[in-house]
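Computed from a prediction, not measured in an experiment: that's the story for all the values here.
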Amino acid sequence: MASTNTLPYIGTLLQGPRNAITDVEGVTVGHRTLDDGGVQTGVTVIRPHAGDPFRDKVPAAAVVLNGFGKSVGLVQLEELGVLETPIALTNTFSVGTVATAQIRHCLAANPESGRSLPTVNPLVFECNDGFLNDIQRLAIAEADYLLALDAAGPDFAQGSVGAGRGMSSFQLKGGIGSASRRVSSPCGEVHTVGALVLANYGRQPQLVLAGHAIGERLAAQQGTAECKEPEKGSIIIVVATDAPLDARQLRRLALRAGAGLARTGSVFGHGSGDIVLAFSTAYTVPDRVDRPMPTIAMVHDGLLDGLFQAAADSTEQAIVHALWRATAVTGRDGNHRAALSEVLPPSSLFFSSAEAHAHP
């Protein structure tokens with residue numbers, strides 16, 4: 001029986017109109033989902049703006065909370081502080097295929113990349129969906145990246161979709177979740193911070209939902225032997241903001257997403273790949289030296305606390321959404337993950353305050 005609990009709201013900051021990363025103007029998200037017996041996987045693409053990020057690069061920074069992962073593109077991102085492709089999420093064994101698709105897509109729009117123009121830096125993040133997905137089948141094709149890219153829009157599904165199709169969290173169904181928060185500065189400016197997560201992490205006894213430690217109760221209820229195993233999962237967190245921040249400040253913002261992750265019961269375990277990427281849409285960096293660089297007044301470091309709170313709260317809320325909106329999936333060899341909404345006992349602990357915090 002489905003739970004009668006309502007969706008908990010994290011924090012006191014107002015949400016954006018969609019309560020999603022796409023509340024940051026210009027950001028869009030698309031999915032390609034593969035759902036065929038033992039193949040339970042997909043691709044999710046985040047576009048930072050509607051143009052070509054190879055020509056108009058986006059300031060960005062990443063933080064590796066725990067580095068058990070196989071992502072592509074982080075070295076150059078760390079060095080130059082910009083991203084120059086859309087952000088792609090997929091399963092571990094499909095990183096190379098999706099990176100190749102990103103390169104081919106860039107070459108189609110910029111035929112001189114790798115010749116008179118610099119090479120492109122693909123940016124692909126991954127989690128291991130091998131419990132539900134027959135990952136050895138290498139089912140993701142380059143076309144799946146293009147389909148997810150073409151599907152990108154401001155409204156998108158969450159839960160067991162796209163890259164999140166085969167993911168597990170806390171021995172339950174994980175997947176894609178997103179949320180946003182709005183911050184008013186002392187100067188009267190309002191900025192939006194949005195987060196999107198690919199949740200594939202967590203030990204069930206450690207699960208904390210909106211401040212309530214429910215994991216041990218769930219683990220006892222389900223009696224799953226897996227609950228005693230060490231952490232083996234991962235999470236990718238993408239944080240977007242319209243606040244004018246440079247790469248140094250974006251790295252600081254990314255780090256605060258870890259606070260939201262920790263609130264859910266994560267300890268960034270030995271076997272977990274926990275990576276956060278943050279980017280700003282406030283300006284772009286041109287690819288050619290003959291194009292003018294932007295003149296931007298950055299947010300003062302002393303005014304970052306509100307954005308830090310928004311990053312933590314939107315990350316925690318996005319994880320709640322990933323768990324809550326996921327549907328049960330049966331995949332490889334009959335392996336099954338139940339949805340949190342199916343197994344959470346009816347309780348008066350959780351009350352939705354979303355209406356009180358909705359975008360006015």
Side-chain angles (χ1 to χ4, degrees), residues 2-16 19-21 65-66 158-159 167-183 193-222 224 227 231 233 235 237 239 253-269 272 274 276 305-326 338-359:
S3 169
T4 59
N5 292 296
T6 52
L7 182 67
Y9 190 91
I10 304 301
T12 58
L13 295 173
L14 295 176
Q15 68 182 48
N19 200 8
I21 194 172
L65 300 173
N66 195 67
Q158 299 180 44
M167 301 299 171
S168 305
S169 270
F170 299 99
Q171 284 76 55
L172 298 167
K173 188 66 192 70
I176 296 289
S178 192
S180 71
R181 294 293 183 265
R182 304 177 78 228
V183 181
V193 175
L196 183 144
V197 302
L198 178 61
N200 189 58
Y201 76 101
R203 296 183 60 252
Q204 193 168 103
Q206 296 173 322
L207 175 59
V208 178
L209 186 63
H212 300 282
I214 64 170
E216 289 190 357
R217 180 168 41 139
L218 284 179
Q221 171 188 313
Q222 294 192 289
T224 307
C227 295
E231 173 66 83
I235 185 169
I237 305 170
V239 177
L253 186 70
L255 187 60
R256 272 59 183 188
L261 173 60
R263 292 176 193 163
T264 66
S266 171
V267 296
F268 316 158
S272 184
D274 308 320
V276 188
D305 280 355
L307 297 174
F308 290 168
Q309 179 182 347
D313 288 355
S314 60
T315 296
E316 183 181 1
Q317 186 75 72
I319 292 168
V320 171
H321 286 168
L323 290 167
W324 200 269
R325 292 172 176 168
L340 176 65
S341 60
E342 296 176 333
V343 303
L344 191 64
S347 166
S348 60
L349 286 177
F350 308 113
F351 296 95
S352 174
S353 56
E355 290 185 2
H357 296 86
H359 174 76

- Task: Evaluate side chain to side chain contact (heavy atoms under 4.5 Å, CB included) for Thr264 paired with Gln206, printing each intermediate quantity in order.
- Result: CA-CA 8 Å; Thr264 66; Gln206 296 173 322; over 6 Å; no
Who pairs with [X] by side chain to side chain donor-acceptor pair (under 3.5 Å), at least two apart in sequence or on another chain?
{"X": "Ser272", "answer": "Asp274"}
{"X": "Thr315", "answer": "none"}
{"X": "Ser178", "answer": "none"}

- Task: Any chance you could lay out the side chain to side chain contact (heavy atoms under 4.5 Å, CB included) test for Leu253 and Val276, step after step, and finish with the verdict?
- Result: CA-CA 9 Å; Leu253 186 70; Val276 188; over 6 Å; no
What closest approach, in Å, do [X] and [Y] show between heavy atoms, and which atom pair accounts for it?
{"X": "Ala199", "Y": "Ile235", "result": "CA-CG1, 4.1 Å"}
{"X": "Gln158", "Y": "Arg325", "result": "NE2-NH1, 3.0 Å"}
{"X": "Ala210", "Y": "Pro8", "result": "CB-CB, 3.6 Å"}
{"X": "Ala339", "Y": "Ala326", "result": "CB-O, 3.2 Å"}

To the closest 0.5 Å, what do you measure between [atom1] ([X]) and [atom2] ([Y])?
{"X": "Leu207", "Y": "His212", "atom1": "CG", "atom2": "NE2", "value": "12.0 Å"}
{"X": "Leu198", "Y": "Met167", "atom1": "CG", "atom2": "CE", "value": "4.5 Å"}
{"X": "Gln204", "Y": "Ser168", "atom1": "CD", "atom2": "OG", "value": "11.0 Å"}
{"X": "Ser314", "Y": "Gln309", "atom1": "OG", "atom2": "CD", "value": "10.0 Å"}
{"X": "Ile237", "Y": "Ile319", "atom1": "CD1", "atom2": "CD1", "value": "5.5 Å"}

- Task: Tell me, with the steps shown, if Leu261 and Phe268 meet side chain to side chain contact (heavy atoms under 4.5 Å, CB included).
- Result: CA-CA 9 Å; Leu261 173 60; Phe268 316 158; 3.4 Å; yes
- Set of residues satisfying salt bridge (charged side-chain N to carboxylate O under 4.0 Å, His left out) with respect to Arg263, sequence neighbours excluded: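 Salt bridge (charged side-chain N to carboxylate O under 4.0 Å, His left out) check on Arg263 returns Asp313, Glu316.
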- Item | Partner set under side chain to side chain contact (heavy atoms under 4.5 Å, CB included) for Ala310, not counting sequence neighbours |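 Partners of Ala310 by the side chain to side chain contact (heavy atoms under 4.5 Å, CB included) criterion, ordered by chain and then number, come out as Leu13, Arg181, Val183, Val193.
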- Query: Is any side-chain heavy atom of Leu340 closer than 4.5 Å to a side-chain heavy atom of Leu209?
  - Reply: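 They are in contact (side-chain heavy atoms under 4.5 Å apart), so the answer is yes.
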- Task: Determine whether Ile21 and Ser180 make a side-chain contact, defined as any pair of heavy atoms from C-beta on separated by less than 4.5 Å.
- Result: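 No - every pair of side-chain heavy atoms lies 4.5 Å or more apart.
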- Message: Between Asn66 and Gly269 (side chain of the first, backbone of the second, donor and acceptor by atom type, cut-off under 3.5 Å), is there such a pair?
- Response: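 Judged by distance alone, yes, a pair lies under 3.5 Å.
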- Message: Assess the residue pair Val197 and His321 against the criterion (side chain to side chain contact (heavy atoms under 4.5 Å, CB included)); give the C-alpha distance rounded to whole Å, side-chain angles, the decisive distance to 0.1 Å, and a yes or no.
- Response: CA-CA 9 Å; Val197 302; His321 286 168; over 6 Å; no
- Message: So that I know where these two stand, are Phe170 and Tyr201 an aromatic pair - ring centroids less than 6.0 Å apart?
- Response: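 Centroid distance Phe170-Tyr201: below 6.0 Å, so yes.
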